Amino acid sequence: MQISILAFGIARDILGTSTFDMEIKDGQTVAEIVDELKSKYAAFNKLNSVLLAVNEDYVDDDYIVQQGDELAIIPPVSGG
Amino acid sequence: MQISILAFGIARDILGTSTFDMEIKDGQTVAEIVDELKSKYAAFNKLNSVLLAVNEDYVDDDYIVQQGDELAIIPPVSGG
Amino acid sequence: MIRITSQPIDVNELLDAVSHPGAGAVDIFVGTTRDNTGGKRVVKLDFEAYEPMAIKEIQKIVDRASQLWTILNYAVVHRVGLVEIGQKAVVIAVATPHREDAFLACKFIIDELKKTVPIWKKERFEDGEVWVSAHP
Amino acid sequence: MIRITSQPIDVNELLDAVSHPGAGAVDIFVGTTRDNTGGKRVVKLDFEAYEPMAIKEIQKIVDRASQLWTILNYAVVHRVGLVEIGQKAVVIAVATPHREDAFLACKFIIDELKKTVPIWKKERFEDGEVWVSAHP
């Protein structure tokens with residue numbers, strides 16, 4: 001299935017876009033998607049952390065992505 | 001000698017004035033003057049504390065009052 | 001009040017917003033943009049937020065703080081976009097009956113905000129720019 | 001800046017006064033007048049100060065704080081005279097490079113101010129008045 005992913009901060013710079021679609025298999029976890037992103041875009045491996053938020057919330061690594069989920073790549077935060 | 005004493009807060013209320021002159025002996029300490037005030041005005045004995053500041057500064061109990069000193073009765077503070 | 005804004009933050013306005021007749025104390029934390037980082041001159045800062053999630057995460061932090069301390073009212077406002085040096089990037093105001101709670105809650109909120117809220121800061125130097133905390 | 005005033009305190013003005021390009025944090029403590037004390041309704045408060053000594057004592061506290069933490073700028077302003085419920089009685093602003101110092105210094109200054117600075121608060125109730133802390 002196809003899911004939409006938002007990208008912020010340095011993740012947006014790495015991808016060159018703030019939103020993109022990605023084809024994922026049924027039953028894929030957020031951890032697997034992060035690994036896929038890291039293998040496609042080596043720059044992600046250099047970051048302190050890369051998380052995938054789902055529907056505006058942090059989720060566990062083993063969260064299985066559902067059709068319609070809004071995913072967002074969260075590089076290390078630095079607000080405040 | 002005669003010294004001038006300022007009174008603030010509840011001390012002013014007890015004395016009914018914000019400044020008054022008091023006759024003291026040479027060599028008298030601030031502690032002795034406080035005792036004298038307490039014996040003249042019983043209400044001072046009920047306060048949590050009564051200090052005498054000298055020239056806008058806290059002093060030790062054994063400070064000997066000098067001619068020209070500005071004394072001030074400091075009841076328990078409650079600013080802030 | 002929780003707000004992400006591209007406009008300058010007015011502290012008097014936030015103080016009015018958190019005013020409460022039972023409040024004896026308000027602690028206000030103001031995070032301002034500094035002119036240097038590790039000795040290197042910063043000329044400008046840029047903040048970006050995943051706004052809806054940032055607001056939810058700030059709300060979670062405030063809810064946790066409210067379980068730990070008596071909070072009568074609060075305001076958390078964070079800037080996004082370009083912020084000039086010396087300007088307010090974040091302001092947190094917490095009104096409590098007694099002052100210890102105000103300090104503790106305010107410190108807790110800024111400490112946690114820096115850890116979990118999806119907001120990113122880009123520091124611009126004369127010779128380049130960097131996303132803060134991104135790399136080891 | 002250290003000031004005793006009978007006028008309302010403008011927090012934005014104080015924040016401007018302590019602004020510093022090297023400051024990453026400003027903590028502002030605002031002590032407001034509460035509508036009750038131990039459950040009894042307070043209708044008004046009255047502050048009195050031994051002004052020159054109060055200013056000197058506040059300066060001593062700030063000097064001690066400056067030895068303990070890196071303070072770039074500070075402002076301590078205390079009201080005197082009648083202060084309505086909910087208004088600011090005291091405002092302390094401390095600008096520091098990093099936020100831990102701002103919280104610690106600000107808390108230290110208000111804690112010490114309450115112990116040593118010759119300022120007195122009279123609480124007015126519907127049925128009388130009392131000088132706070134005067135009696136056991």
Side-chain angles (χ1 to χ4, degrees), chain C residues 8-16 18-39 41-43 45 72-73 84-111 113-114 121 123 132, chain D residues 8-16 18-39 41-43 45 72-73 84-111 113-114 121 123 132:
Chain C
I9 305 171
D10 183 329
V11 172
N12 277 346
E13 188 201 317
L14 294 196
L15 194 54
D16 285 346
V18 302
S19 83
H20 188 290
V26 180
D27 194 54
I28 307 170
F29 174 80
V30 180
T32 52
T33 53
R34 279 188 293 159
D35 63 357
N36 75 88
T37 184
R41 201 165 95 82
V42 178
V43 292
L45 287 109
L72 298 172
N73 247 325
E84 305 287 328
I85 296 303
Q87 285 207 342
K88 299 175 279 292
V90 60
V91 179
I92 297 167
V94 180
T96 62
H98 299 286
R99 70 185 185 281
E100 287 76 11
D101 282 12
F103 283 111
L104 293 171
C106 204
K107 180 163 196 310
F108 176 85
I109 293 170
I110 182 63
D111 285 349
L113 183 150
K114 284 174 170 273
K121 174 164 63 180
E123 288 179 336
V132 177
Chain D
I9 305 170
D10 182 329
V11 172
N12 277 348
E13 189 202 316
L14 295 196
L15 193 54
D16 286 346
V18 302
S19 83
H20 188 290
V26 180
D27 194 54
I28 306 171
F29 174 80
V30 180
T32 53
T33 54
R34 278 188 295 160
D35 63 356
N36 75 87
T37 184
R41 202 166 94 81
V42 178
V43 292
L45 288 110
L72 298 171
N73 246 326
E84 306 287 328
I85 297 302
Q87 286 208 340
K88 300 174 278 293
V90 60
V91 179
I92 297 166
V94 180
T96 63
H98 299 285
R99 69 185 186 281
E100 287 75 11
D101 282 13
F103 283 111
L104 292 171
C106 204
K107 181 164 196 308
F108 176 84
I109 293 170
I110 182 62
D111 285 350
L113 183 150
K114 283 176 171 272
K121 174 163 65 177
E123 287 180 337
V132 176

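Being a predicted model, the structure only gives us computed values, none of them experimental. Every chain is numbered from 1 and lettered A, B, ... according to where its sequence line falls, protein lines coming before strand lines.
Ion pairing of D:Asp27 with C:Lys107 is absent here, as no side-chain N (NZ or NE/NH1/NH2) approaches a carboxylate O to less than 4.0 Å.
From C:Ile85, atom CD1 reaches atom OG of D:Ser19 across 12.5 Å, with rounding to the nearest 0.5 Å. The structure places CZ of C:Arg34 at 9.5 Å from CG of D:Leu72, a figure rounded to the nearest 0.5 Å. Taking CG of C:Leu14 as the reference point, atom CD1 of D:Ile28 lies at 10.0 Å (rounded to 0.5 Å).
Two residues are said to be in side-chain contact when any heavy atoms from C-beta on lie closer than 4.5 Å; D:Phe103 and C:Ile110 meet this criterion. Put simply, the side chain of C:Thr32 does not reach to within 4.5 Å of the side chain of D:His20, judged on heavy atoms.
The part of C:Thr33 that comes within reach of chain D is its backbone (N, CA, C, O), which places non-hydrogen atoms under 4.5 angstrom from that chain. The contact between C:Ala25 and chain D is made by backbone and side chain atoms together, counting heavy-atom distances below 4.5 Å.
With chain D as the partner, the residue from C:Ala89, C:Ala93, C:Ala95, C:Pro97 showing the most heavy-atom pairs under 4.5 Å is C:Pro97. Looking only at heavy-atom pairs under 4.5 Å with chain D, the residue among C:Gly31, C:Ala23, C:Gly86 that has the most is C:Ala23. Comparing D:Leu15, D:Asn36, D:Val42 by how many heavy-atom pairs each has under 4.5 Å with chain C, the most go to D:Leu15.
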Practice task
Evaluate the side-chain contact (heavy atoms from CB on, under 4.5 Å) criterion for residues C:Asp111 and D:Arg99: first the C-alpha distance (whole Å), next the side-chain angles of each, then the deciding distance (0.1 Å), finally the verdict.
Solution key: CA-CA 9 Å; C:Asp111 285 349; D:Arg99 69 185 186 281; 2.7 Å; yes

